Amino acid sequence: MTCLLGSGIPKRNETGNDQMNLFAEIRTLVIETLNAMAAEGILPAGLELSQVAVEPPRDAAHGDMATNAAMVLAKPAAMQPRAIAEALAARLIADPRVASADVAGPGFLNLRLATSLWQDLIKMALTQGAAFGRANVGAGRRVNVEFVSANPTGPMHVGHVRGAVVGDALARLLAFSGWDVTREYYINDGGAQVDVLARSAYERYREANGLEPEIREGLYPGDYLIPVGEALKAKYGETLLDKDEQFWLAEIRDFATEMMMQMIRDDLAQLNVTMDVYSSEKALYGTGQIEAAIQALREMDLIYEGTLEPPKGKTLEDWEPREQMLFRSTAHGDDVDRPVQKSDGSWTYFAPDIAYHYNKVQRGFDELIDIFGADHGGYVKRMKAAVSALSNGKVPLDIKLVQLVKLYKNGEPFKMSKRAGTFVTLRDVVEQAGADVTRFMMLTRKNDVTLDFDFAKVLDQSKDNPVFYVQYANARINSVLRKSQDAGIDCSDAALAAADLSHLNHPAEIEMAKKIAEWPRLVEIASKANEPHRVAFYLYELASEFHGLWNKGNDDTSLRFIQEGNAATSAAKVALVRATGVAISAGLAILGVTPVVEMR
RNA sequence: GCACCCAUAGCUCAGCUGGAUAGAGCGUUGCCCUCCGAAGGCAAAGGUCGCACGUUCGAAUCGUGCUGGGUGCACCA
């Protein structure tokens with residue numbers, strides 16, 4: 001724990017209450033019914049029911065939900081699937097929640113639910129508000145999400161943005177799903193690159209003192225180090241000017257690293273990303289932590305002195321066999337064993353990484369997640385091997401690889417200047433597109449697929465732009481709420497939840513309610529897969545459903561939300577609108593995007 | 001040579017961890033809207049899910065082997 005620079009902010013979730021997930025509820029009904037049938041001897045006892053699923057059918061014409069129970073159980077029960085399905089259907093129909101149960105195809109059981117169920121769901125959304133959809137898959141267990149972890153040698157650039165957003169949104173998703181989440185940043189301040197930073201900063205320090213800086217090849221030429229030089233001058237005056245490197249390297253390294261980290265923290269704040277813990281690589285050295293981690297592996301007979309084979313097919317001209325300390329990662333699924341110590345006896349970069357993950361295991365996390373750039377895909381197996389070994393296979397490590405972002409402007413590639421020191425920074429992106437737009441766009445693709453980001457298109461106010469489309473839906477919702485308020489309808493959630501929702505009976509309205517009903521299920525699925533992008537896609541679908549309902553009001557005035565002279569009907573319809581808004585707000589909160597109340 | 005990621009409509013991408021006739025947006029085509037709840041709407045066409053086997057009631061999804069693209073492959077972090 002000594003490597004922690006910051007302190008963790010405890011994030012407890014007030015979980016425990018069962019959320020209304022209609023799919024889970026109906027599945028429970030199906031399971032209970034199957035058990036009852038077994039008790040009566042209709043089905044054999046002791047059937048494995050874990051494969052029984054209740055899911056939305058692909059085609060809405062098939063009903064609201066479908067279960068595969070009959071097909072899954074046919075073989076173990078040694079019965080015809082249709083016979084099971086029919087017997088199950090006859091019993092399910094007795095439940096007031098089930099309006100119809102039809103056997104279809106090879107043995108699917110299609111269920112249509114009572115309209116009142118969807119109406120109740122609207123009520124539930126209004127009652128739960130921001131907590132609507134909150135799940136308990138984490139059950140209070142602790143998960144550590146490590147992301148960004150950019151080298152502290154400069155400002156964050158566009159390549160870091162996606163990882164930052166994915167990591168933060170994933171953290172929010174998991175917290176919403178009942179996990180106790182720690183967001184963590186690993187500062188790579190232990191390697192040669194921070195020495196380069198120090199030398200670069202030293203030149204800027206000389207510059208601040210009126211001397212000509214010598215930005216030699218290999219140093220960081222960026223302007224962002226000029227303020228560091230000035231700060232060094234303010235602190236040290238001219239006292240370091242004529243000194244050899246050995247007198248100032250360590251001091252300036254620490255000083256510059258701290259300033260860089262301050263800059264990175266500011267950059268992250270621009271994106272609405274806040275870390276709970278910053279861990280330092282350097283703090284692992286000289287504290288025995290690396291040695292302890294290696295020792296732990298050694299005691300499992302996973303450390304040995306050996307010589308690696310040269311990689312085949314790859315021509316390495318300067319290859320020479322070297323004996324060094326190796327980690328037997330192949331014992332835990334890796335392809336080759338990995339060096340932890342160089343031939344001169346110093347640690348490789350991998351050694352502190354092992355120690356750092358050992359540290360996370362020791363801090364008692366139930367699960368670890370790392371967000372890496374796709375170019376680090378080669379480290380996945382060895383990292384998993386280390387965690388597997390050091391936790392006795394008890395702590396799973398999930399590593400998400402985040403692919404590149406390609407920048408465009410009006411369809412033209414937005415060239416990054418290769419000239420050292422000038423690149424598109426995170427700040428550039430946020431200043432042009434805004435944090436909300438940037439965050440949403442970064443989640444419109446699965447993490448392992450490259451993403452196109454067009455500075456012009458992301459600000460476009462049209463249906464083509466998913467950010468706008470979702471925000472526009474939310475703005476329309478708020479517009480309806482304002483107008484109904486003006487029309488004398490009480491729009492508080494409590495009042496709307498108390499409305500007589502039996503007025504909601506048009507198929508288009510029920511469809512809207514069904515889409516809202518998917519939200520709790522989606523949260524569950526997305527959090528189990530550690531995939532926050534699913535939330536963005538759901539929001540698009542939800543917005544699409546809402547816009548469709550709105551548009552139907554153009555032709556069919558009975559579908560307009562505010563019905564003049566009919567307060568009861570209006571209240572029911574506005575309740576549906578507000579419930580949609582509840583789901584949109586909950587989803588946007590997970591993405592870390594501020595809902596827009598009004599378009600202009 | 002090896003490992004990992006990707007491959008789905010003309011284009012950009014989803015696809016519920018194995019479900020029924022594989023979806024959306026753009027683009028294309030055809031209608032509608034200019035009495036504002038139209039910063040548009042409705043509808044249609046468009047697919048050997050890279051290929052081939054396999055697993056089983058059932059595969060875009062899981063396994064194996066290929067093909068094509070990307071990334072990475074000892075003492076660099």
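Proteins get letters first, then strands, A, B, ... in listed order; numbering begins at 1 in each. Every value quoted in this text rests on a predicted model; they were computed, and no experiment measured them.
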Novice: Could you pick out which residue, A/M71 or A/L559, lies toward the 5' side of RNA chain B when each is mapped onto its nearest nucleotide?
Specialist: A/M71
Novice: Looking only at side-chain N and O atoms, does A/K75 come under 4.0 Å of OP1 or OP2 in B/C57?
Specialist: yes
Novice: What nucleotide among B/A74, B/A77, B/C13 has an atom nearest to a side-chain atom of A/V449?
Specialist: B/C13
Novice: Is there a side-chain polar atom (N or O) of A/Y472 under 4.0 Å from OP1 or OP2 of B/A39?
Specialist: yes
Novice: How long is the line joining CG of A/N474 and C1' of B/A39, in whole Å?
Specialist: 17 Å
Novice: Quick one: does A/N447's side chain have a donor or acceptor within less than 3.5 Å of a partner on A/V402's backbone?
Specialist: no
Novice: Is A/K528 close enough to B/U17 that one of its side-chain N or O atoms is under 4.0 Å from OP1 or OP2 there?
Specialist: no
Novice: Check if the side chain of A/D353 and the base of B/A77 share a donor-acceptor pair of N or O atoms closer than 3.5 Å.
Specialist: no
Novice: Nearest to the A/E320 side chain among B/A38, B/U17, B/A74, which nucleotide is it?
Specialist: B/A74
Novice: Classify A/A66 by what it touches in the nucleic acid, base, sugar-phosphate, or nothing, heavy-atom distance under 4.0 Å.
Specialist: base
Novice: For a quick check of understanding: with a heavy-atom distance under 4.0 Å over all strands, which category does A/S343 fall into, base, sugar-phosphate or nothing?
Specialist: base
Novice: Need the glycosidic conformation of B/U8: syn if within 90° of 0, anti if not. Which one?
Specialist: anti
Novice: Is a donor-acceptor contact shorter than 3.5 angstrom present between the side chain of A/Y540 and the base of B/A24?
Specialist: no
Novice: When both hydrogen-bonding distances must be under 3.5 Å and the geometry is Watson-Crick or G-U wobble, what is B/A20 paired with, if anything?
Specialist: none
Novice: When rounded to the nearest Å, what value does the distance between C1' atoms of B/U12 and B/C42 take?
Specialist: 24 Å
Novice: Quick one: label A/T450 by what it contacts on the DNA or RNA (base, sugar-phosphate, nothing), any heavy atom closer than 4.0 Å.
Specialist: sugar-phosphate
Novice: If the P atom of B/G10 is compared with that of B/A3, how far apart are they to the nearest Å?
Specialist: 33 Å
Novice: For the pair A/D464 and A/K457, find out whether any cationic side-chain nitrogen is under 4.0 Å from an anionic carboxylate oxygen.
Specialist: no
Novice: Looking only at atom C1', what distance separates B/A9 and B/U29, rounded to whole Å?
Specialist: 15 Å
Novice: What's the closest nucleotide to the side chain of A/R445 if the choices are B/A39, B/A14, B/U17?
Specialist: B/A14
Novice: When the distance from CG of A/L522 to P of B/U17 is rounded to whole Å, what number comes out?
Specialist: 11 Å
Novice: Scan every strand shown for a Watson-Crick or G-U wobble partner of B/C42, both distances under 3.5 Å, and answer none if you come up empty.
Specialist: B/G30
Novice: Let's see if you can work this out: which of B/C16, B/A20, B/U12 has an atom nearest to the side-chain heavy atoms of A/F108?
Specialist: B/A20
Novice: Base, sugar-phosphate or nothing for A/A74? Non-hydrogen atoms, less than 4.0 Å.
Specialist: nothing
Novice: If you check every side-chain atom of A/A529, which of B/U17, B/A20, B/C16 has the closest atom?
Specialist: B/U17
Novice: NA contact type, A/F561, heavy-atom cut-off 4.0 Å: base, sugar-phosphate, or nothing?
Specialist: base
Novice: Can you measure A/D448 atom CG to B/A7 atom P for me and round it to whole angstrom units?
Specialist: 8 Å
Novice: For B/C51, what is the paired nucleotide under Watson-Crick or G-U wobble rules, both distances under 3.5 Å?
Specialist: B/G65
Novice: Would you mind reading off the distance between A/M383 atom CE and B/A77 atom C1', rounded to a whole angstrom?
Specialist: 14 Å
Novice: From the set B/A3, B/A20, B/A14, return the single nucleotide nearest to any side-chain atom of A/H533.
Specialist: B/A14
Novice: Need one value for A/I562: base, sugar-phosphate or nothing, where a base atom within 4.0 Å counts as base even if backbone is also close, heavy atoms only.
Specialist: base
Novice: When the C1' atoms of B/G68 and B/U8 are considered, how many whole Å apart are they?
Specialist: 15 Å
Novice: When the ring planes of A/Y186 and A/Y356 are compared, do they come out parallel, tilted or perpendicular, using 30° and 60° as the limits?
Specialist: parallel
Novice: What interatomic distance, in whole Å, is found between P of B/G15 and the corresponding atom of B/A24?
Specialist: 15 Å
Novice: Rounding to an integer number of Å, can you tell me how far A/L443 CG sits from B/C13 P?
Specialist: 16 Å
Novice: For the residue pair A/N566 and A/S570, what are the closest heavy atoms and their distance?
Specialist: O-OG, 2.9 Å
Novice: Specify the separation, in whole Å, of atom OH of A/Y379 and atom C1' of B/U71.
Specialist: 11 Å
Novice: What's the closest nucleotide to the side chain of A/R476 if the choices are B/A39, B/A20, B/A74?
Specialist: B/A39
Novice: Before accepting this row, confirm whether a basic side-chain N of the pair A/E518/A/R521 lies closer than 4.0 Å to the acidic partner's carboxylate O.
Specialist: no
Novice: Do you see a donor-acceptor pair shorter than 3.5 Å between the side chains of A/D353 and A/Y379?
Specialist: no
Novice: Please figure out whether A/N110 or A/N188 has its closest RNA chain B nucleotide nearer the 5' end.
Specialist: A/N110
Novice: Please report the distance separating the P of B/A60 from the corresponding atom of B/A52, rounded so that it comes out in whole Å.
Specialist: 13 Å
Novice: Can you tell me the Watson-Crick or wobble partner of B/C2, both distances under 3.5 angstrom?
Specialist: B/G72
Novice: Does any nucleotide pair with B/G58 by Watson-Crick or G-U wobble geometry, both distances under 3.5 Å, and what is it?
Specialist: none
Novice: Please tell me which of the listed nucleotides, B/A74, B/A38, B/A77, lies nearest to the side chain of A/L308?
Specialist: B/A74
Novice: Would you mind classifying the nucleic acid contact of A/V72 as base, sugar-phosphate or nothing, using non-hydrogen atoms under 4.0 angstrom?
Specialist: base
Novice: On the nucleotide B/C73, are OP1 or OP2 found under 4.0 Å from the side-chain N or O atoms that A/H376 carries?
Specialist: no
Novice: Please confirm whether any donor atom in the side chain of A/R534 sits under 3.5 Å from an acceptor in the base of B/C16, or the reverse.
Specialist: no
Novice: A/R322 has a side chain; which of B/A14, B/A77, B/A74 sits nearest to it?
Specialist: B/A74
Novice: Could you check how far CG of A/D335 sits from P of B/G1, rounded to whole Å?
Specialist: 16 Å
Novice: Considering only the P atoms, how many Å lie between B/G27 and B/C11, rounded to the nearest integer?
Specialist: 16 Å
Novice: From B/C4, B/U71, B/G15, pick the nucleotide closest to the side chain of A/D375?
Specialist: B/U71
Novice: Contact class for A/P466 vs. all strands (heavy atom < 4.0 Å): base, sugar-phosphate, or nothing?
Specialist: nothing
Novice: Pick one: which of A/F440, A/Y469, A/Y472 meets ring-ring contact (aromatic ring centres under 6.0 Å, His included) with A/Y540?
Specialist: A/Y469
Novice: When rounded to the nearest Å, what value does the distance between P atoms of B/C16 and B/A7 take?
Specialist: 12 Å
Novice: Atom CZ of A/R382 to atom P of B/A74: distance rounded to whole Å?
Specialist: 9 Å
Novice: Does B/C11 have a Watson-Crick or wobble partner in any strand here, with both distances under 3.5 angstrom, and which is it?
Specialist: B/G25
Novice: Step by step, work out the salt bridge (Lys or Arg N to Asp or Glu O under 4.0 Å) result for A/K528 and A/E524.
Specialist: CA-CA 6 Å; A/K528 280 178 182 165; A/E524 232 180 275; 3.4 Å; yes
Novice: With the side chain counted from C-beta on, respond yes when A/I303 and A/M325 share a heavy-atom pair under 4.5 Å apart, and no when they do not.
Specialist: yes
Novice: Which atoms form the tightest heavy-atom contact between A/V535 and A/I590, and what is the distance?
Specialist: CG2-CG2, 4.2 Å
